[in-house]
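This report refers to the structure that appears directly beneath it.
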Amino acid sequence: MSIDKLVRERASDKCELCSDASEMKTYKLPPREEEDISNYILVCSTCHSQLSDQDNLDGNHFRCLNDSMWSEVDAVKVVVYRLLHALKSEGWSQDLIDMMYLDDDTLSWAKAGLHDPNAVKHVDSNGAILEAGDSVVLIKDLNVKGASFVAKRGTAVRRISLVHDNPEHIEGKINGQHIVILTQYVKKSPNK
């Protein structure tokens with residue numbers, strides 16, 4: 001059975017955030033990559049558009065989180081936790097955060113997806129934001145220090161990792177060797 005069908009069955013074809021039953025879509029929680037039902041929730045088109053553009057959240061719509069925060073589904077609790085943090089400017093949001101209980105694993109999952117305005121941002125040569133797991137392409141031949149090869153322009157580097165304390169550095173493997181690459185010499189690939 002497909003993940004979409006499994007998620008719809010679990011949610012009884014209702015939005016797991018606001019209980020609306022129109023125009024349902026599955027939503028995959030970042031930053032997890034595994035294709036597993038536990039990484040998805042079912043949401044209505046309104047919630048889906050809000051999750052996709054969290055800079056313009058409608059606080060009144062998400063008053064429904066008061067009910068959905070008690071869900072038995074960890075993925076739902078993770079989304080609720082993240083939304084409540086994004087809605088901290090609303091007076092009621094902090095009260096709900098204080099009432100929520102998440103076990104340690106679920107809490108660390110929820111915190112991994114929180115938007116931190118002070119976080120170091122890694123950007124490629126075109127200004128596109130890089131994230132862990134992205135693929136990039138070298139835009140210049142690079143001498144690899146400590147190795148006997150040159151990383152050629154056009155070389156793809158898959159599943160990069162970020163150097164968290166330096167926005168100009170990422171890490172990846174080229175020719176089987178793990179190296180640090182300056183972000184100014186890469187461009188993000190269109191597909192992860």
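Source: prediction; values computed, not measured.
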Practice prompt. State, with a plain yes or no, whether a side-chain heavy atom of Val76 is found less than 4.5 Å away from one of Leu17.
Written response: yes

Item to complete: Could you go through the side chain to side chain contact (heavy atoms under 4.5 Å, CB included) check for Glu171 and Ile179 one step at a time?
Response: CA-CA 6 Å; Glu171 296 178 352; Ile179 64 169; over 6 Å; no

Worksheet item: Going by an N to O cut-off under 4.0 Å, is there a salt bridge joining Asp124 and Lys187?
Response: no

Discussion item. In the structure I gave you, are the side-chain heavy atoms of Val144 and Val150 within less than 4.5 Å of one another anywhere?
Written reply: no

Worksheet item: So do Leu29 and Tyr40 actually touch side chain to side chain, heavy atoms under 4.5 Å?
Response: no

Worksheet item: What pairs meet the salt bridge (Lys or Arg N to Asp or Glu O under 4.0 Å) rule with one or both residues in residues 73-94, with sequence neighbours excluded?
Response: Asp74-Lys77

Worksheet item: Rounded to the nearest 0.5 Å, how far apart are CD1 of Ile181 and CD1 of Ile170?
Response: 5.0 Å

Discussion item. Would you compute the distance between atom CD1 of Ile174 and atom CZ of Phe149 and round it to the nearest 0.5 angstrom?
Written reply: 6.0 Å

Discussion item. Is a donor from one side chain sitting under 3.5 angstrom from an acceptor on the other, for Gln50 and His61?
Written reply: no

Discussion item. When you compare the side chain of Asp20 with that of Lys14, does any pair of heavy atoms fall below 4.5 Å?
Written reply: no

Worksheet item: Do other residues, nucleotides or ligands put more than 12 heavy atoms under 6.0 Å from the CG atom of Asp104?
Response: no

Worksheet item: Is there side-chain contact between Val43 and Val79, with heavy atoms separated by less than 4.5 Å?
Response: no

Discussion item. When you compare the side chains of Ser2 and Asp4, does any donor N or O come within less than 3.5 Å of an acceptor on the partner?
Written reply: no

Response to the item:
Partner of His122 under side chain to side chain contact (heavy atoms under 4.5 Å, CB included), picked from Asn166, Leu130, Val186, is Leu130

Response to the item:
To the nearest 0.5 Å, atom CD1 of Ile37 lies from atom NZ of Lys5 at 13.5 Å

Worksheet item: Heavy atoms, side chains only, cut-off 4.5 Å: are Leu102 and Trp109 in contact?
Response: no

Worksheet entry | Hydrophobic cluster (4.5 angstrom, side-chain heavy atoms) - remaining members for Ile139 | none

Discussion item. Looking at Gln177, is its backbone amide N or carbonyl O close enough to the side chain of Asn175 to form a donor-acceptor pair, meaning the two atoms are under 3.5 Å apart?
Written reply: no

Worksheet item: How about Val80 and Met100: do any of their side-chain heavy atoms sit closer than 4.5 Å?
Response: yes

Worksheet entry | Residue pair Glu16 / Tyr27, side-chain donor-acceptor N/O under 3.5 Å | no

Discussion item. Applying side chain to side chain contact (heavy atoms under 4.5 Å, CB included) to Cys44 and Cys18, what does each step give before you reach the verdict?
Written reply: CA-CA 8 Å; Cys44 65; Cys18 73; 3.6 Å; yes

Worksheet item: Can Thr183 and Val123 be said to form a side chain to side chain contact (heavy atoms under 4.5 Å, CB included), step by step?
Response: CA-CA 6 Å; Thr183 56; Val123 294; 5.5 Å; no

Discussion item. Assess the residue pair Arg10 and Ile41 against the criterion (side chain to side chain contact (heavy atoms under 4.5 Å, CB included)); give the C-alpha distance rounded to whole Å, side-chain angles, the decisive distance to 0.1 Å, and a yes or no.
Written reply: CA-CA 9 Å; Arg10 178 188 74 202; Ile41 64 171; 4.2 Å; yes

Discussion item. For Asp95, is there any backbone N or O sitting under 3.5 Å from a side-chain donor or acceptor partner on Asp98?
Written reply: no

Worksheet item: Under a 4.5 Å cut-off applied to non-hydrogen side-chain atoms, are Ser125 and Gln184 in contact?
Response: no

Item to complete: Indicate yes or no: does Asp141 engage Arg153 in a salt bridge with an N to O separation below 4.0 Å.
Response: no

